Protein chains: 2
Amino acid sequence: MPTLSQENYLKALWHLTAGGKVSLQRLASHLGISPASTLAMVRKLASDKLVTYNRAAGIRLTVKGQAAATQIVRRHRLWEVFLHDKLGYRWDEVHDIAEQLEHVAPADLTERLDAFLGHPTFDPHGDPIPQRDGTIPQRTELVLSEQPPGSYRIVGLAETRDELLRQLTSLHLTIGQVLELRDHRRFDDVFVLRVGSRTEHVGRAVADRILVEPA
Amino acid sequence: MPTLSQENYLKALWHLTAGGKVSLQRLASHLGISPASTLAMVRKLASDKLVTYNRAAGIRLTVKGQAAATQIVRRHRLWEVFLHDKLGYRWDEVHDIAEQLEHVAPADLTERLDAFLGHPTFDPHGDPIPQRDGTIPQRTELVLSEQPPGSYRIVGLAETRDELLRQLTSLHLTIGQVLELRDHRRFDDVFVLRVGSRTEHVGRAVADRILVEPA
DNA sequence: TATGACATTTAGACTTGACTAAAATACGCA
DNA sequence: TGCGTATTTTAGTCAAGTCTAAATGTCATA
């Protein structure tokens, strides 16, 4: 049970680690905190066995720290999906609010939220949501709007906003449905689809949110 | 913008005020904090013009303090509805979690949440949710399960859990519907209703959540 | 190998929100 | 009116998380 402040350090480390060795300096400037204060906190994290630190190797998350950080990122991204899909915030507004919500973590809340949102795998920015077991989804599905004409099966939806869901349902564009992408009229950004025996025209907002595999 | 800790004091004051003069002592023991610490915080609140304090009158919320406290209670109870209706927590589990969430208050979030939940007027405990303008709903609707046989119009639902909503919809028990309560079979807690031309049998879980007025 | 640039570490201090212990005040009632 | 009890207030501490300034290390390279 890291403190709120410790959680921010862990999350920052999770993000920075991808970019190579994490020096005090780098962590400090990422967080906008002085190197002196950063060192103090890194020592606390080390005494809680969440990180290891020495000058040469820099700061490294331990297995325990990794797990904690991953769960924080998971909570953050799930809240982003909630704010976007359910409350209708724009994708560029959700980050700051999720920043607040991610620290609320009573047993169960994350998993209930995940279920309520339909176990999403990507957040509104397109970043993967770490799963309960810590694995990170890889984009294997294709986004319909980026495909060449052809036959595809819908394997998922990138969003669960009621309005979008209703529209997709009314077009029979639900998971499992096979469709044929006929044309992308680029001048007005309309996608022409053959769904069952009907021809449908959908805009980019819809085509961007349909995840498919070749059929 | 009171601090997190100040918000807890304001909320406590809001609740205690109903019970008469609020002495330092009373506030302190309600919060489980020493009178000395409480005095220190009350002075801060006073310097922010959120409360007035003197020995004789005790601690009183100013108009500004009232407004702030009311919004905190509003946020708390809206989150309770979310946790109960949407995430499926039991009514006795939601308080502690809402306690955490109520302090997250970026512009807009409360109103969006309110809209998403369908502008509820009572929380899962049956307590009124202060409205955006600060007014406190009064229970004017009647709970179907507490009425004598007769004709009623449905004016609201006490809950928006999808499962409940689906069940009510499938029974045609939606807002505006007129129904006749025929009987309450007390030995097995089943309510016998006449809805349109059909006779329906519903249990207490449903009858408790239908708000009606005589028709 | 000595030096300058940059990174790290130490030292000391501040703010917030809590604490305890003890002093001051108020209040009920004998 | 004054005593005893309860409440309020003061004074001094503490821990967390931050700061600044200054001291110390490290390292590439001139």
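Just so you know, these numbers use all the heavy atoms, side chains as well, and skip hydrogens, waters and symmetry mates. What you are looking at is a predicted structure, and each value in this text was computed from that prediction instead of being measured. Within every chain, numbering begins at 1; the chains are lettered A, B, ... in the order of the sequence lines, protein sequences first and strands thereafter.
- Between the CD atom of A/Gln25 and the P atom of C/dT8 there is a distance of 6 Å, given to the nearest Å.
- In summary, the side chains of B/His76 and B/His95 do present a donor paired with an acceptor at a separation below 3.5 Å, with no hydrogens or angles considered.
- Between A/Glu111 and A/Arg74, at least one side-chain nitrogen of the basic residue sits less than 4.0 Å from a carboxylate oxygen of the acidic one, meeting the salt-bridge criterion.
- Between the P atom of D/dG25 and the CG atom of A/Leu39 lies a distance of 15 Å, rounded to the nearest Å.
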Practice problem: Report, as a single string ordered 5' to 3', how protein heavy atoms within less than 4.0 Å touch nucleotides 14-26 of chain C: B base, S sugar-phosphate only, - not at all. | Solution: ---SSBB----BS
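- Per the geometry, CG belonging to A/Leu24 stands 17 Å off P belonging to C/dC6, to the nearest Å.
- Here A/Arg26 lies out of heavy-atom contact (under 4.0 Å) with every strand.
- Side-chain contact check for B/Asn8 and B/Glu99: no donor-acceptor pair (N or O, by modelled atom type) lies under 3.5 Å.
- A/Asp96 is linked by a salt bridge (charged side-chain N to carboxylate O under 4.0 Å, His left out) to nothing, counting only residues two or more places apart in sequence or in another chain.
- Distance, A/Leu27 CG to D/dG17 P: 15 Å, rounded to whole Å.
- Rounded to whole Å, atom P of D/dT9 lies 6 Å from atom CZ of B/Arg43.
- Using a 4.0 Å cut-off, no side-chain N or O of A/Tyr53 falls inside it from OP1 or OP2 of C/dA7.
- Comment: B/Lys64 does not engage B/Asp48 in a salt bridge, judged by the lack of any side-chain N to carboxylate O separation of less than 4.0 angstrom.
- Between B/Ile59 atom CD1 and D/dT9 atom C1' there is a gap of 13 Å when expressed in whole angstrom units.
- Rounding to the nearest 0.5 angstrom, the gap separating the CD atom in B/Gln100 from the CG atom in B/Leu4 is 9.0 Å.
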